[in-house]
There are 2 protein chains.
Amino acid sequence: MNLKQLAHMLALSQTTVSRALNGYPEVNEETRRRVMDAAKRHGYRPNPSARRLATGKTGMIGYVLPTGASVDIDPHFVEFLSGLGDYARSHELDLVLSPADADDQETTYRRIVANRQVDAVYISSPRPADRRVALVNTLGIPFIVHGRSEGFDFDYPFTDIDNEGAFHEASRLLIQLGHRRLALINGDDRETFAIHRERGVRRALAASALALDERHVCSVVMTEENGYRATRRLLEAGDAPTAIVCSSLIMALGVVRAVRDLGLTIPGDISLIAHDDVFPWLRPENFSVPLSTTRSSIRLAGARVAERLAARISGLEEGARGEVWPVDLVVRGSVAGAPA
Amino acid sequence: MNLKQLAHMLALSQTTVSRALNGYPEVNEETRRRVMDAAKRHGYRPNPSARRLATGKTGMIGYVLPTGASVDIDPHFVEFLSGLGDYARSHELDLVLSPADADDQETTYRRIVANRQVDAVYISSPRPADRRVALVNTLGIPFIVHGRSEGFDFDYPFTDIDNEGAFHEASRLLIQLGHRRLALINGDDRETFAIHRERGVRRALAASALALDERHVCSVVMTEENGYRATRRLLEAGDAPTAIVCSSLIMALGVVRAVRDLGLTIPGDISLIAHDDVFPWLRPENFSVPLSTTRSSIRLAGARVAERLAARISGLEEGARGEVWPVDLVVRGSVAGAPA
DNA sequence: AGAGTCTTCCAAAGCGCTTTGGCTTTTTTG
DNA sequence: CAAAAAAGCCAAAGCGCTTTGGAAGACTCT
């Protein structure tokens, strides 16, 4: 059942039927009702390929997925996707993942824009002066950055959490508890979120005339194993820290294991605070010692990004407004006063 | 730059240019070369929307993503996606995720097929007599099932691992080590993989004239917390098992925590084997006691599914061939002889 | 009543590609 | 050498929708 048939059946022109269905004003309300009625009764659904060719609108949002044998997709992605998908569903949007060589995403961005394959895109895990952001900005496709970039001479729309504030608060708590030697086990420090977190820690220390020992900050891919290794290294060297701030719950698993392996305890010897993106399958309160966290649901962020993308597609949102969400500091058993 | 312009510039008809580009035989090789040359030089890329309208081919594979506030996307998904994306990239395929109400995926399947939004789909986490499988089968769109369904009067193409065999082997090993009371902490037993795993355990026990105590088998969503709870319940009741087989590494984290909380040790008091889908961020050899596993890379499965989908789209693969991959049993420190 | 203004609808021209059917020109064949 | 076959190309008809530019009729106003 296509438009032509429907129009013929109603003894109307395709124009009128099309307009009736799409809510244009120049059609009699009575006629519109008849049309919509018939459309529903016959289960008419406009062919998206045709609509797409005619309008350029696709009803899809895009994401360029970096791939490659040695490229691991961040497990956070799936949670983000949950939120995104949940919102997208309610707005009849589909998500298209365009796999790209991790080292050449530009080609793919250009392709999906040139081919008008999607109405909008989002960018995640941005770095300072991220080329992807600059690119989509000049290409002129609606977009939202999940996270933040830095160092551009233009503004852009983003949704981010207050990473600096979160890690500042976490560090401040530890300092108040008497800790003087903090360590930071961070994610990839080429990404902005990690830079902000480190900044937060340093600022808190500086406020108490303390500093972050360069040997006490490390930047690694966020796996359990790397959390373990980093902790071993930190604790086995001289001037070991008494408190650790950690960028992910998965790494925190490794931290806990390392501390135990060394015959130390949390929080007796080591206080620990980690960032929690809120996974359903791994919860900080269920650590052997309930874990203090800076908490922010990445799923909600996904939903919010979808919402903003939809708004931009339909023209309801414009401009380069960035938004920064506050982060909760949730104190549980893994922190205590510094050992004497 | 569109076909019309290119044709005009070459003083050829659109027909000829189109045919030259698409490798049809009725065009002079010399002409073809000229055309391809010009196309490359001017960066001509056929508009996919137009091609799609004309041919019905989209260059995309589809996945219906169950969503909802209480629906959690399986964290395995992201690893599967890694493999899928990696292959898809090399074949210029995009992946479209169509979010659907978890309780009504049929509507979405019908929509993407009726609208010809994708060339093929894959289905994951199938259950016995899965309605989605029956549906796509009758809808006639090319598809691959990742995993297996059961109880149909038709065959269908799938790629699965030998879950029954894997858990049979794991159980057999434990039995050989003298264990008599095994427990199974399984995933959602409405899904086929869980049913097969249970079957494997039972078969191994039966071979030694043993049986799986109904109190020693449980089926839960695969989270750390559920692994913990299940283990507490198992070990605190009478006739506690001396060995546990567990369907996921994430649940195994909870198992280990519970065992420790109870003042027991692995493998001294409890032997443990878990299934490992091979995540980069959580490795069995890094458990406090290196974990024995049944191992099968879900990432490779993703790549294989993509490969088969591509083959089916291009007509290279037909029929309902199912393939079952063997699973490695990797023995590490978490198993030992049964306590006296 | 005639001019001007809405309201309501339509025919037809895209959107950019593929593909059918046919027309020349060249090559092959008996 | 004429007839048949093959090769190489083209015009035009889709694919199914949106949107432009009118046009006809109904209504308002002076």
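All chains are named by letter (A, B, ...) in the order of the sequence lines, taking the proteins before the strands, and each is independently numbered beginning at 1. Everything numeric here is computed off the predicted structure, so don't read it as measured data.
- Residue whose closest nucleotide on DNA chain D sits further toward the 5' end, between B:Pro25 and A:Arg51: B:Pro25.
- Atom CZ of A:Arg32 is separated from atom C1' of C:dT7 by 13 Å (rounded to the nearest Å).
- Here D:dA7 presents its C1' atom at 12 Å from CD of B:Glu29, a figure rounded to the nearest Å.
- Close placement of the B:Tyr122 and B:Phe80 rings is indicated, their centers lying within 6.0 Å of each other.
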Apply the test side chain to side chain donor-acceptor pair (under 3.5 Å) to residues A:Ser18 and A:Tyr24: give CA-CA distance (whole Å), side-chain angles for both, the deciding distance (0.1 Å), then the verdict.
CA-CA 9 Å; A:Ser18 171; A:Tyr24 282 70; over 6 Å; no
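- Between C:dC9, C:dG16, D:dC17, one nucleotide has an atom nearer to the side chain of A:Val27 than all others, and that is C:dC9.
- B:Asp72 has a carboxylate O that lies under 4.0 Å from a charged side-chain N of A:Arg299, or vice versa, which qualifies the two as a salt bridge.
- Taking only side-chain nitrogens and oxygens, B:Tyr44 comes nearer than 4.0 Å to OP1 or OP2 of C:dC17.
- Atom CZ in B:Arg52 sits roughly 14 Å away from atom C1' in C:dC15 (whole-Å rounding).
- For the pair A:Leu3 CG and C:dC15 C1', the interatomic distance rounds to 15 Å; values are reported in whole Å.
- Rounded to whole angstrom, the span from the CG atom of A:Asn28 across to the C1' atom of D:dA24 amounts to 15 Å.
- Between the CG atom of A:Asn2 and the P atom of D:dT18 there is a distance of 12 Å, given to the nearest Å.
- The ring of B:His146 has its center no closer than 6.0 angstrom to the ring center of B:Phe158.
- Of the side-chain N and O atoms in B:Asn22, one or more sit less than 4.0 angstrom from OP1 or OP2 of C:dT18.
- Between B:Asn47 and C:dC17, a side-chain N or O to OP1/OP2 separation shorter than 4.0 Å is absent.
- Remark: B:Tyr24 is not in phosphate contact with D:dG8, judged by side-chain N or O atoms under 4.0 Å from OP1 or OP2.
- Distance CG (A:Leu53) to C1' (C:dA13): 13 Å, rounded to an integer number of Å.
- Listed by residue number, A:Ala11, A:Leu12, A:Ser13, A:Thr15, A:Thr16, A:Arg19 are the residues of residues 7-20 of chain A with a heavy-atom contact under 4.0 Å to DNA chain C.
- The nearest whole Å value for the distance from the CD atom in B:Glu26 to the P atom in C:dG21 is 13 Å.
- Across B:Lys40, B:Arg41, B:Arg33, a single residue satisfies salt bridge (Lys or Arg N to Asp or Glu O under 4.0 Å) together with B:Asp37, and that is B:Arg41.
- Partner of B:Tyr109 under the side chain to side chain contact (heavy atoms under 4.5 Å, CB included) criterion, out of B:Glu106, B:Gln105, B:Arg111: B:Gln105 alone.
- Taking the charged nitrogens against the carboxylate oxygens, B:Glu30 and B:Arg34 have no contact shorter than 4.0 Å, which rules out a salt bridge.
- At least one side-chain nitrogen or oxygen of A:Thr31 sits closer than 4.0 Å to the OP1 or OP2 atom of C:dC9.
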